[in-house]
Number of protein chains: 2
Amino acid sequence: MPAKSATVISLHKRIRSEIEQHILTGEWPPGHKVPVEHELMATYDCSRMTVNKVLTELASEGLVQRRRRAGTFVSKPRPPATLLQIPDVKAEILALGASYALRMLSNQIRQSDPSDMRRLGVMTAREVLAMRYVHIADSAPFALEDRLIDLSTVPEARAADFTSDPPGTWLLAHVPWSDAEHRIRAINGDPEITGLLDLPANAACLVLDRQTWRGGAPITAARTWFPAESFHLVARFQPGSNAGKAHNNQA
Amino acid sequence: MPAKSATVISLHKRIRSEIEQHILTGEWPPGHKVPVEHELMATYDCSRMTVNKVLTELASEGLVQRRRRAGTFVSKPRPPATLLQIPDVKAEILALGASYALRMLSNQIRQSDPSDMRRLGVMTAREVLAMRYVHIADSAPFALEDRLIDLSTVPEARAADFTSDPPGTWLLAHVPWSDAEHRIRAINGDPEITGLLDLPANAACLVLDRQTWRGGAPITAARTWFPAESFHLVARFQPGSNAGKAHNNQA
DNA sequence: TCTTGAATTATGACTAGACAAATGCAAGCT
DNA sequence: AGCTTGCATTTGTCTAGTCATAATTCAAGA
């Protein structure tokens, strides 16, 4: 009988956070097989119900997937919650039945300057991949995107090919994230923006700022301009356990 | 020993959905005490672990709150997920340190016309409360709102006083919801809108369409216009178990 | 009256089993 | 080779308890 005294934190919480760590740090990448319940029983010297509780929780949150006889596997970074699907502009365009193309306007690897550091919310310099490109649907500009990727968090991005999949789609498919933030607002477009989107000067645009983290480390910061009137965001949801806090601000 | 054969659906799922029904239909209003675990054990003729699993799940999703010795209670409709806090414009304005006021432009109870029915997504006529008003922050227009409340779902709204709390705030505090949908877009405001918000003609606005349901029944449909540049929406979230599906559309 | 402290009660955590259901795999058959 | 079938593995669900912990209630004492 395992001693249970002196455990300040409950056992299942400890097991849970250890497994989460394995997944979040990338030590257990998507598709990796999590040890079966009997192994975890042995590892943590506890009963099956305890590890089952943990794995069931993680599965209900989508972090892992479980299949009888097969086992438990780390989920692929999921196309997720609420407003999150939107950043995959390529998938959205294809879903509309249009053809997708990417026009890269600029693309460089550089040391982060103060403005980059502010966008990523970090204090120290690092290498970043900075890009600006236009999403093209059926030969017409669909959205303009300005993106920064933190290469110290996502070194794989250095070798990624963004001609078939745009950076947002590539990141969704390859990098698991633990936190995200969206800022949405409307602007009267300035000539630089409207010009790239083939819009009349002063046309309204929907601007989506998106930032993601993995653990505490920044993954990417992106700003996307969508032409107004031709585009809107939809989100459906249940009250659920969303721990995220939402608020709005005046600039 | 309870028979477990012939149960096509698992026991804890059945218990769970029954309790959810009690809450969602309003039979167990916010603050209502859920039977203690031993009572539920007797009701469903099962072990404590089974009802505990159900109640723990519901608690983790925020539907109920549990306190040792006190018991389990239905949660107050929570100021919830992702972008949901935004609709409480009054709270947002007060949080900014400004004074709040409501200017009611129109307010009537009527049989729903075809346009109302489309907004609420229903096929049959019913009584609705239709309002248009401006949220005022420090004597200046902050947002314009057009709202429809389905009085067959929320008969209490008939007697509600919207001079201190605007309808959105009142609903958040009084009516639990099970589903919501947001549509967000930017528009170049037409003169009617910009006039009411003291904006130059053609100024960009952020438009938020919000609709909520309880069970399958519509609660309310609201459209809010926010001046661009002075306002943005922020949402932070984790990948979590958000069952909601999100997508975007072209109009 | 106010405070302290103990009894009570409900949840929280966990165990050590049980049987059911699904499914991947391999052995055997065609 | 391709197909079927049975078996072993793994998760899914559930039981009937134990001990721990928090918090409310209530009564005794200052």
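Residue numbers begin at 1 in each chain, while the letters A, B, ... track the order of the sequences. Note: hydrogens, waters and symmetry copies are ignored here, and every other heavy atom, side chains too, is used.
- Here Arg185(A) pairs with Asp209(A) in a salt bridge; the nearest charged N to carboxylate O distance falls below 4.0 Å.
- Of the candidate nucleotides dT11(C), dT13(D), dT15(D), dT15(D) has the atom nearest to the side chain of Ser47(B).
- Smallest separation of non-hydrogen atoms from Thr224(A) and Ala143(A): CG2-CB, 3.9 Å.
- When the nucleotides dT11(C), dT11(D), dT15(D) are ranked by their closest atom to the side chain of Glu37(A), dT11(D) comes out on top.
- Rounded to a whole Å, the CE atom of Met41(B) is 14 Å from the P atom of dC14(D).
- Ionic pairing of Lys90(B) and Glu92(B) is not present here: no N-O contact between side-chain nitrogen and carboxylate oxygen is shorter than 4.0 angstrom.
- Put simply, the side chain of Arg69(A) and the base of dG12(D) share no donor and acceptor less than 3.5 Å apart.
- Here the side chain of Arg48(A) is nearest to one of dT15(C), dT15(D), dG12(D), namely dG12(D).
- For the pair Arg16(A) and Glu57(A), the salt-bridge criterion is met [side-chain N within less than 4.0 Å of a carboxylate O].
- Counting any heavy atom pair closer than 4.0 Å across all strands shown, Lys33(A) reaches no nucleic acid atom.
- Spacing between atom CZ of Arg16(A) and atom P of dC14(C) amounts to 14 Å, rounded to whole angstrom units.
- The side chain of Thr56(A) places no N or O atom within less than 4.0 Å of a non-bridging phosphate oxygen (OP1 or OP2) of dT11(D).
- Contact of Arg68(B) with dT11(C) (side chain to base): a donor-acceptor pair of N or O atoms is detected under 3.5 Å.
- For the pair Glu57(B) CD and dA13(C) C1', the interatomic distance rounds to 16 Å; values are reported in whole Å.
- Among the heavy atoms of the strands lying under 4.0 Å from Arg67(A) are primed sugar atoms or P, OP1, OP2 only; no base atom is included.
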